[in-house]
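Quick notes on the structure that follows.
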Amino acid sequence: MTAAGSAFVDRIAADDDITPTRAEHSLIDRLVDSGLMHPTPSPMNPPLAVTVVIPAFDVEQSTLIDLVDACRRAGVHEVIVVDDASPTTILAIPGATTIRHDINRGPGAARTTGAAQVNTPLIAFIDTDVVLPEVWTDALVAHFADERVALVAPRVAAVAGTTVLQRYEALHSPLDLGIEPARVSAGTRISYVPSAMIIVRADALRAIGGFEPSMRVGEDVDLVWRLAEAGHRLRYEPATTVHHRSRPTWAGWARQRMGYGSSAAPLARRHPGALVPVRVSGWSAAAWSVAVLGWPIAGATIAAGTTVALASKLRPVPDGPKQALRLAGLGNLFAGRALANALLRAWWPLALIGSIGSRRVRRAVAIAAIAPPLVDWIRNQPPIDPVRYVAIRFADDLAYGVGVARGVITERSVSALIPDFSSWPNRQRPDRPASASAG
C-alpha cells in the first residue's frame, strides 16, 4: 500500500470516526474482498423482509412446531415448510404454509420448491435439526445493506451434550466453521458454508437457477461456489450462532460423514480446481514426504531451503529474516497437518496398498493417524481421554474417506484426489473436510 493507504488502515484499526473518500472506499473494497478486513454493519432500519423455507423429511411434528414458533418470534414475513414426501405426511403447522412433494427429491429440490413461493427480498433456509437462538436475524440481515452481498451464514455449532459422540461433535462438527468472521470463497480459510442455515438474496438465487436438483449431498457447497462465480459477495458471520443436533448414533454419524465425503467428486467435477484434497507448497510436501519416509535430515534440509528462499523475497520487509522463519515454519507445520489429513481421507486406498508392502509407508500412515489428533488433544484438553479421542478422529477420517472413494467410483473421475502443490498452504483447519453438506 501507499503511505496514505497504510495510514488510513491504521485509522480503521484505531476505530477512528472516518468518512472515506472515493479512493479509500476502493481500498476498503479490496481489503474486504481479499479477506484482510471484515465489515461489521449496523442493523438495517427498517430491515429487509425475510421468508423462511424449511425442507423437511420424516421429522417429528413437535420439532417443526418449535422451529416455526422460533422463526415467528424473530419477526420473519412468512414460514414455508416443504414436506419432501415424508412416509407420514406432515400435518398443517400453525403460522406456516406447508407444501408436499409426491416423491422424495432431496433437500436441494425441496428448498427450490419453497423458494419459488417467496416474494420477499431475502430467503432464510433452515434445516429441521437446527435450534435457533432468540435473536438471529439482525446481525445476518445487516450485511445485505451492501447490495453486492448475496449470502450470509451464521456459525453452526453442535448442541451440547454429555455422550462421547456429543462431546466430540462439539469440537469437530464439520458444520462449525469457528469464531472468526470471513468472506466465503473456494480455496480460502472459509471455503464453504453449510445450508443448515443460510440467508440468501432471492433475486441472486433465482439468477443462478437455485440449488442443483440432481445433487443430494454437496448441493449447498455447489450453490455457494456458483454465487461466488457469479461475482457476489458471501459472508460468514459468527456474531450469530445457531445450534445443530448431532446424529444420535455412531452408525448415523458414520453415514453422515460418508455422505459428506461422497460429495467431493461431483463438486470437483462441477468446479474444477475449487476442491482439492490438499493445497500446500510443493517444497513443503517434499520436505514432509522425505522426512516421514525415513530421511529426516533431508526433509529438514528442504524445509531450511524454503526458509532461505522466502527470506530473500522478504528482504525489503522489516525483520525480513525473522518473518521468513515464522512464515516458513508455520507454513510447513500446516502443510504437515494437511498432508496427514489427505493421506487418511482422500488417499487412504493408496496408503492401504502401500502399507502392505512397505514398512516406511506403514510408519507414515501411523504418524498421520496418531500425531495430529494427539497434538490437538494435548493443546485443547478435550473432555475425552486421548485413546478414544485419537480412535474417533481416525474413524472420522476413515468414514469420510470411504465416502470420497465411493464418489470417485460413481463419478468415474479422480479430480477430487489430485493435490495442488502450486502455493503455500492456507490456514483452513486441516481436520475439516474441504466440502460439507448439511444433508
Side-chain angles (χ1 to χ4, degrees), residues 47-132 136-137 140-141 144 150-154 156 175 193-224 226-227 232 234 242 244-245 437-439:
L48 295 176
V50 180
T51 295
V52 174
V53 172
I54 302 173
F57 177 76
D58 199 19
V59 62
E60 293 287 341
Q61 192 83 5
S62 59
T63 299
L64 275 173
I65 291 172
D66 290 344
L67 183 55
V68 170
D69 286 346
C71 292
R72 281 301 188 186
R73 288 195 300 270
V76 302
H77 175 75
E78 184 182 8
V79 180
I80 299 173
V81 176
V82 181
D83 178 1
D84 194 25
S86 298
T88 301
T89 301
I90 293 173
L91 303 176
I93 300 170
T97 300
T98 302
I99 303 171
R100 179 174 169 84
H101 284 168
D102 292 332
I103 59 172
N104 182 268
R105 295 162 56 189
R111 296 185 191 106
T112 298
T113 294
Q117 308 301 315
V118 172
N119 57 15
T120 55
L122 302 180
I123 307 172
F125 295 105
I126 305 177
D127 285 355
T128 56
D129 44 13
V130 166
V131 180
L132 295 172
W136 55 270
T137 56
L140 302 178
V141 172
F144 291 97
L151 179 148
V152 182
V156 182
L175 307 185
V193 287
S195 58
M197 180 181 171
I198 54 175
I199 300 182
V200 183
R201 199 179 291 274
D203 55 0
L205 178 73
R206 292 175 182 131
I208 65 166
F211 290 88
E212 171 53 50
S214 66
M215 298 184 72
R216 285 182 172 262
V217 291
E219 80 290 341
D220 44 6
V221 183
D222 171 71
L223 179 83
V224 165
R226 284 190 290 123
L227 283 171
H232 298 290
L234 318 176
V242 303
H244 183 268
R245 298 184 186 89
S437 166

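Since we're looking at a predicted model, the values are computed, not measured. Only heavy atoms go into these numbers, but all of them, side chains included; no hydrogens, no water, no symmetry mates.
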Electrostatic pair [X]-[Y], nearest N-O below 4.0 angstrom:
X: D69; Y: R73; result: no
X: D129; Y: R245; result: no
X: E219; Y: R111; result: yes

Rounded to the nearest 0.5 Å, what's the gap from [atom1] on [X] to [atom2] on [Y]? Could you check?
X: L132; Y: I126; atom1: CG; atom2: CD1; answer: 4.5 Å
X: D58; Y: D83; atom1: CG; atom2: CG; answer: 9.5 Å
X: Q117; Y: I99; atom1: CD; atom2: CD1; answer: 4.5 Å
X: R201; Y: L234; atom1: CZ; atom2: CG; answer: 11.5 Å
X: D66; Y: I93; atom1: CG; atom2: CD1; answer: 10.0 Å
X: L48; Y: T120; atom1: CG; atom2: OG1; answer: 9.0 Å

*Just jot down the salt bridge (charged side-chain N to carboxylate O under 4.0 Å, His left out) partners of R105, sequence neighbours excluded, or say none.*
none

For residues [X] and [Y], report the shortest heavy-atom separation together with the two atoms involved.
X: A56; Y: S86; value: O-OG, 3.9 Å
X: P55; Y: A110; value: CB-CB, 3.8 Å
X: G114; Y: I80; value: O-CD1, 3.8 Å
X: P47; Y: V141; value: CB-CG1, 4.1 Å
X: D127; Y: S195; value: OD1-O, 3.7 Å
X: T128; Y: L67; value: CA-CD2, 3.9 Å

_Check whether R226 reaches the backbone of L205 with its side chain - one donor and one acceptor, N or O, closer than 3.5 Å._
no

*Just one of V152, V224, L223 clears the side-chain contact (heavy atoms from CB on, under 4.5 Å) bar with I198, so which one?*
L223

*Report the residues that fulfil side-chain contact (heavy atoms from CB on, under 4.5 Å) with N104, sequence neighbours left out, ordered by chain and then residue number.*
F57, D84, A85, R216

[X] side chain near [Y] side chain, heavy-atom distance below 4.5 Å:
X: V68; Y: I54; result: yes
X: F144; Y: V50; result: no
X: V118; Y: H77; result: no
X: H101; Y: V82; result: yes
X: H232; Y: L151; result: no
X: W136; Y: V76; result: yes

*Are there more than 12 heavy atoms of other residues, nucleotides or ligands under 6.0 Å from atom CD of Q61?*
yes

*Carefully, step by step, assess R72 and V79 under the rule side-chain contact (heavy atoms from CB on, under 4.5 Å).*
CA-CA 8 Å; R72 281 301 188 186; V79 180; 4.3 Å; yes

